[in-house]
Amino acid sequence: MTARVQGQEPVATPILHVDMDAFYASVATRDRPDLADVPVIVGGGHRGVVLSANYPARVYGVRSGMPSTRARRLCPDAVVIAPDHDEFSVVSSAVMEVFRRVTPLVEALSMDEAFLDVRGAVRRLGPPAVIAEQVRAVIHDEQRITCSVGVAATVSVAKLASKRAKPDGVVVVPPERVTTFLHPLDVGELYGVGEKTRASLHRLGLVTVGDVAHTPVGTLRRALGDALGTHLHELAWGTDRREVSPGRSGVFGNGGGDPERSMGAQETFSRDVDDREVVLRELLRLTSRVTTRMRVAGVAGRTVAITVRFADFTTITRSRTLSEATDVTQEVYRAAVGIYDALGLQRARLRLVGVRVENLLPREQVHHQHLLGEREHGWSEADRAMDRATRRFGDAAVRPASLLG
DNA sequence: TCTGGGGTCCTAGGACCC
DNA sequence: TCTGGGGTCCTAGGACCC
C-alpha cells in the first residue's frame, strides 16, 4: 500500500510509532549516571504498583503494573524512586513538540508514545527511516532519554514494529513483509488482546497471529463479539486502515472528535475502611478534585458513577443520570452519596472508592432551567470562588469545611 | 504487605417508543 | 395461545491500554 498526497511522491511506509524506552525510569534517572546500570523501579509505594522499571530491573522479571511488593521480592536491591509527575509531563510535552516539528499529524497515545504521519515531510527530511533516526537523535540530545521507532504503512504494524525495535532502535516493515512480520507473533501481541482474549483464542487453538489470520471472520466474531472479532482479523492481516488523528486518541476505530468522554478520580485507602463518615469525606475529596478539573476544562456531565472496591478486591460500579449536566461539586457529591447509600453497605470493608462523571459536554451546551436564586446557583458561585482562591493561593488554601482537620 | 489511577470501548438486558 | 421489528437511552460489568 502506498499513501498519496497531491504533488508528492507516494510513500510506502509513512507511519511512525515512537515509544520512549522505560519512560518514567529513564526520566527519573537521566541526571543520575550512577544509576545507569543499577535496577531502578519508579512507583511502588504502599499498596502500589510499579509504574516503570529500567532494563537492569527487568532482568529480574520486574514489569510495570506489577504489585510493588512482588517487585521488591524479585529484586530486593532495586532503587525505588517516587514518581514526579510534573517532570514527566514537562518531558512529555517537549517530546511531543519535537514530533510536531516533523509533522502536524501527531497523535499522542499517552505521555510517552505517539503516531506520526510523515508523508508530508519526506521531501524536506528524507525517507521515513531517516526521519526516525533524526527524531531519535533530537530526543536523545535534548531530553537525554532514548526511544524506539516502528515504521510501517499502517498504525497497527508501526506499533508492533516499535516494540520489536526496543530498546533504542528502529524497525521498518515494508508492505511486502507485513505478513511475514506479523504471522509468527503471539496473538497476545495484538493491540486489544489481553489475558482474557488470549485465553479465549488459545481455547480455539489459535496461538499465533497467523492462526487468527487464517480463521474465518465469522468464527472470530462468534467467539469474541462482532467488534473485536472483525478488528482482530484486520490486525492479523495488517489491513487495519485507521488514520493518525491529531485530535483525540481513540482505542478502536477512528474516533474523530467524539465528545462522549468522562473524568474521574479514585483512591485506594492506605488501610481498608468501614466507617461511613470516612468514606463520605473521601467521596467529597474525590468529587471536588473531579469537578475542579471539569470546570478548568469547561465541561459538564449528566451521569455520576461511583466505584467501590471491597477488601477482597471485588469491584462494583453504580451510576445515576441526572436530568441536567452539571459541574457543581455539591450536585455531583449529592448524587454520589445517594448512590453510595443505596448500596446499603453495613460496615463492609472498603479498599477503594472512586467518583466519575460521564457524558461530558461543553459547558456552553448546558441549558440552565434553574431559577435565579435557586440553591444550585449559590453552589456554583461558591465553586467558582473556590477555583479563584485555589488558583491564587494553591490547593491547600480552600476546601470544604468537612475536609478540614 | 499481592494487585494504582487515568481513561476508552464493547456488550447485553430492560425500558420505552413508534 | 403465541410472541415483530427497530431505535434510543440507561445501567452494569468486562476487557483493555498506558
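The chains referred to below are lettered A, B, ... by the order of the sequence lines, with proteins before strands, and numbering in each begins at 1. Basis for what follows: all heavy atoms, side chains included, without hydrogens, waters or symmetry-related copies.
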Out of B:dT3, C:dC10, C:dC18, which has the shortest distance to the side chain of A:V49?
B:dT3

Proximity to the side chain of A:R289 - top-ranked nucleotide from C:dC18, B:dG7, B:dG6
B:dG6

Give A:R309 one of three labels, base, sugar-phosphate or nothing, depending on what nucleic acid heavy atoms sit under 4.0 Å from its own.
sugar-phosphate

Let me know the distance between CZ of A:R356 and P of C:dG14, rounded to the nearest Å.
17 Å

OH of A:Y191 versus C1' of B:dT8: gap in Å, rounded?
9 Å

Is the phosphate of B:dT8, meaning OP1 or OP2, less than 4.0 Å from a side-chain N or O of A:R261?
yes

Could you tell me the separation between the CZ atom of A:R198 and the C1' atom of C:dG14, rounded to a whole number of Å?
19 Å

Please determine if a side-chain N or O atom of A:K196 lies less than 4.0 Å away from the OP1 or OP2 oxygen of C:dC17.
no

If the threshold is 4.0 Å, N to carboxylate O, is there a salt bridge linking A:D327 and A:R293?
no

Atom pair distance, as rounded to whole Å: CZ in A:F88 and P in B:dG5
16 Å

Tell me: CZ of A:R318 to P of C:dA12, nearest whole Å?
5 Å

Under 3.5 Å side-chain donor-acceptor pair for A:E331 and A:T326
yes

How far does the P atom of C:dT3 sit from the matching atom of B:dC17, given to the nearest Å?
24 Å

Would you mind telling me which of C:dC16, B:dG5, C:dC18 lies closest to the side-chain atoms of A:Q266?
B:dG5

Taking NZ, NE, NH1 and NH2 as the nitrogens, is one of them in A:K159 or A:E113 under 4.0 Å from a carboxylate oxygen of the other?
yes

Per atom distances to the A:T317 side chain, the nearest of B:dG4, C:dA12, B:dT11 is C:dA12

Side-chain N,O (A:R320) to OP1/OP2 (C:dA12) below 4.0 Å
no

Does A:L224 or A:T69 map to a spot on DNA chain B nearer the 5' end, using the closest nucleotide for each?
A:T69

Is A:F313 stacked on the base of B:dT3, with ring centres under 5.5 Å apart and planes under 30° apart?
yes

Base-pairing assignment for B:dG13 (Watson-Crick or G-U wobble, both under 3.5 Å):
C:dC10

Remember a base hit wins even if backbone is also touched, and classify A:S68 as base, sugar-phosphate or nothing at under 4.0 Å, heavy atoms.
nothing

Apply side-chain hydrogen bond (donor to acceptor under 3.5 Å, both in side chains) to residues A:D211 and A:T208 and explain how you reach the verdict.
CA-CA 5 Å; A:D211 294 338; A:T208 67; 3.3 Å; yes

Are the charged groups of A:E189 and A:R164 less than 4.0 angstrom apart, N to O?
no

So what does A:L190 touch, heavy atoms closer than 4.0 Å: a base, only the sugar-phosphate, or nothing?
sugar-phosphate

Can you classify the ring geometry of A:F88 versus A:F23 as parallel (below 30°), tilted (30 to 60°) or perpendicular (above 60°)?
tilted

From CZ of A:R47 over to P of B:dC2, roughly how many Å is that when rounded to an integer?
8 Å

Across the strands shown, which category fits A:M263 at heavy-atom distances under 4.0 angstrom: base, sugar-phosphate, nothing?
sugar-phosphate

Using a heavy-atom cut-off of 4.0 Å across all strands, would you classify A:G264 as base, sugar-phosphate, or nothing?
sugar-phosphate

In whole Å, I'd like the distance from the NE2 atom of A:H231 to the P atom of B:dC10.
10 Å

Tell me whether A:R309 forms a cation-pi arrangement with A:F313, defined as NZ or CZ under 6.0 Å from the six-membered ring centre and within 45 degrees of its axis.
yes

Among C:dA12, C:dA15, B:dG6, the one nearest any side-chain atom of A:A265 is B:dG6

To the side chain of A:S262, which of B:dT8, C:dG13, B:dG6 is closest?
B:dT8

Whole-Å gap separating C1' (B:dG6) and OH (A:Y24):
10 Å

Is there a Watson-Crick or G-U wobble partner for B:dC18 with both distances under 3.5 Å, and if so, which one is it?
C:dG5

Of the candidate nucleotides B:dT3, C:dC16, B:dC10, which contains the atom at the shortest distance from the side chain of A:P67?
B:dT3

So A:A305, base contact, sugar-phosphate only, or nothing? Heavy-atom distance under 4.0 Å.
nothing

Looking across every strand, which nucleic acid part, if any, lies under 4.0 Å from A:R72 by heavy atom: base, sugar-phosphate, or nothing?
nothing

